[in-house]
Amino acid sequence: MAPERSTGNRIGAEDIRRRKGGVPIVCLTAYTYPIARMLDPHVDLLLVGDSVAMVLHGHATTLGASLEMMIAHGQAVMRGSTKACVVVDMPAGSYETSAAEAVASARRIVEETGCQAVKLEGGVDVAEQIAAIVAGAIPVMGHIGLQPQSVEKDGGYKIKGRTEENIAALFRDAEAVEKAGAFSVVIEGTVEAVASDITRHIVIPTIGIGASGDCDGQILVIDDMIGMTVDRVPKFVKEYANLRDTISDAAARYAAEVRGRAFPGPDHVFSATSGKDKE
Ligand SMILES: Nc1nc(=O)c2c([nH]1)NC[C@@H]1CN(c3ccc(C(=O)N[C@@H](CCC(=O)O)C(=O)O)cc3)CN21
Ligand SMILES: CC(C)C(=O)C(=O)O
Ligand SMILES: [Mg+2]
């Protein structure tokens, strides 16, 4: 198992499971060491989402994520986190084909990162995979509703739960994920009342994103939450900071000072004589 900064009291998947119906579970994505350091004191769960492929690597969809990419970011987040339950997304192509493939991929992720759990997208269609991973003693988080790995199949990011047929399918997916042994489930891009009803219908905590305030917890993509996302931001996002402008302003001031020879100043250079200069 990869070494982790352990305080011995990290939140585990079973701690998350027990929080059904209680104080809302605070979740954010994280992809890097410094962000994990900053978020860890404030959240219950950090998700190393396959959204990293879009948000940090500039791919058009999450289908650009690989097992190697997820493991590298999982390791970075684990190095910066001591308290949160860290969950790593299983990327497209690492679990759909068979339960054996899913178990092998989940094992690799856990062994190489030391994370607490994995997450995969789907309901009835991946119940066998979830059950097999859980049987291998790796906790699994489900992900139903809008499934970004199905963007090509769906022809875009389409909100779910708008037809009776689709609502019935959502309930079947929620029940399948619960029965397969998942410790919680993300409900993404789903009509508010439907996400609320599913939350009351199942006994594992639901984590909403573009879903409902009645879910047992909430998650957002970190870059969206801090106003760092440069591409289109989904409607369900609330920006709690504007790092885009902060960074652009810093770059503009730096550029002006370099061009005007105002930077570096006396504090940012070394003299031959003094040992008291900043290292
Ligand atoms: N930066 C970022 N944040 C995310 O939350 C996120 C990603 N990227 N990439 C992967 C998926 C894609 N997500 C999305 C993207 C767009 C909509 C969206 O535009 N939905 C439409 C409604 C469409 C409908 O009504 O069917 C909207 O108006 O917001 C939803 C989820 C969420 N995920
Ligand atoms: C937004 C969450 C649920 C996710 O799957 C991701 O970031 O990849
Ligand atoms: Mg994801």
Side-chain angles (χ1 to χ4, degrees), residues 12-14 16-17 27 29-31 45-54 59 61-74 77 85-154 157 160 169-170 172-190 198 202 204-209 211 217 219 221:
E14 289 308 311
I16 299 294
R17 186 199 290 272
C27 313
T29 72
Y31 316 116
L45 185 148
L46 290 172
L47 172 70
V48 184
D50 59 349
S51 52
V52 68
M54 299 174 71
H59 286 282
T61 71
T62 59
L63 299 172
S66 64
L67 210 43
E68 289 67 30
M69 186 188 285
M70 299 314 303
I71 288 168
H73 288 285
V77 168
C85 179
V86 176
V87 180
V88 176
D89 257 352
M90 298 189 71
S94 74
Y95 63 91
E96 300 92 330
T97 303
S98 70
E101 178 195 42
V103 170
S105 300
R107 282 225 175 96
R108 232 194 109 188
I109 292 171
V110 171
E111 282 170 8
E112 295 183 30
T113 68
C115 69
Q116 276 59 59
V118 298
K119 176 166 80 59
L120 52 80
E121 294 181 9
V124 173
D125 53 329
V126 294
E128 203 188 311
Q129 281 87 337
I130 295 174
I133 298 168
V134 171
I138 296 172
V140 176
M141 178 178 247
H143 181 156
I144 65 170
L146 191 160
Q147 295 160 31
Q149 291 176 12
S150 301
V151 62
E152 291 175 351
K153 202 182 320 167
D154 289 359
Y157 298 117
K160 305 293 178 178
L170 283 165
R172 283 198 298 275
D173 283 342
E175 288 168 2
V177 164
E178 173 182 58
K179 186 160 170 260
F183 70 93
S184 64
V185 61
V186 167
I187 304 180
E188 176 166 357
T190 296
I198 292 172
I202 61 178
I204 56 172
T206 61
I207 308 297
I209 172 164
I219 188 163
V221 165

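Position 1 is the first residue of the sequence; numbering continues from there. Heavy atoms only: backbone and side chains are in, while hydrogens, waters and symmetry mates are out.
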message: Holding to side chain to side chain donor-acceptor pair (under 3.5 Å), I want the full list of residues that pass it with Arg17, two or more places apart in sequence or in another chain.
response: Glu14

field: Qualifying residues under side chain to side chain donor-acceptor pair (under 3.5 Å), relative to Thr29, sequence neighbours excluded
entry: Tyr31

task: State, with a plain yes or no, whether a side-chain heavy atom of Met141 is found less than 4.5 Å away from one of Leu45.
output: yes

- prompt: Where is the tightest heavy-atom contact between Cys115 and Val86, given as atom of each residue plus distance?
  reply: CB-O, 3.5 Å

message: Tell me every residue that passes side chain to side chain contact (heavy atoms under 4.5 Å, CB included) with Ala65, counting only those two or more places apart in sequence or in another chain.
response: Asp50, Ala53, Met69, Met70, Pro91

Salt bridge (charged side-chain N to carboxylate O under 4.0 Å, His left out): pairs with one or both residues in residues 97-110, sequence neighbours excluded: Glu68-Arg108, Arg108-Glu112

- prompt: Any salt bridge (charged side-chain N to carboxylate O under 4.0 Å, His left out) pairs touching residues 136-146, not counting sequence neighbours?
  reply: none

Side chains of residues 178-186: which donor-acceptor partners sit under 3.5 Å, not counting sequence neighbours?
from, atom 1, to, atom 2, distance (Å)
Glu178, OE2, Val203, N, 2.5

task: Not counting sequence neighbours, which residues clear side chain to side chain donor-acceptor pair (under 3.5 Å) with Gln147? List them please.
output: none

- line: Heavy-atom closest pair (Leu67 atom, Ser94 atom, distance to 0.1 Å) is CD1-CB, 4.2 Å

- prompt: Where is the tightest heavy-atom contact between Ser105 and Met90, given as atom of each residue plus distance?
  reply: CB-CE, 3.5 Å

- request: For Glu96, enumerate each residue passing the side chain to side chain donor-acceptor pair (under 3.5 Å) test, keeping only those at least two apart in sequence or located in another chain.
  value: none

- line: The complete set of salt bridge (charged side-chain N to carboxylate O under 4.0 Å, His left out) pairs with one or both residues in residues 120-139, sequence neighbours excluded, reads none

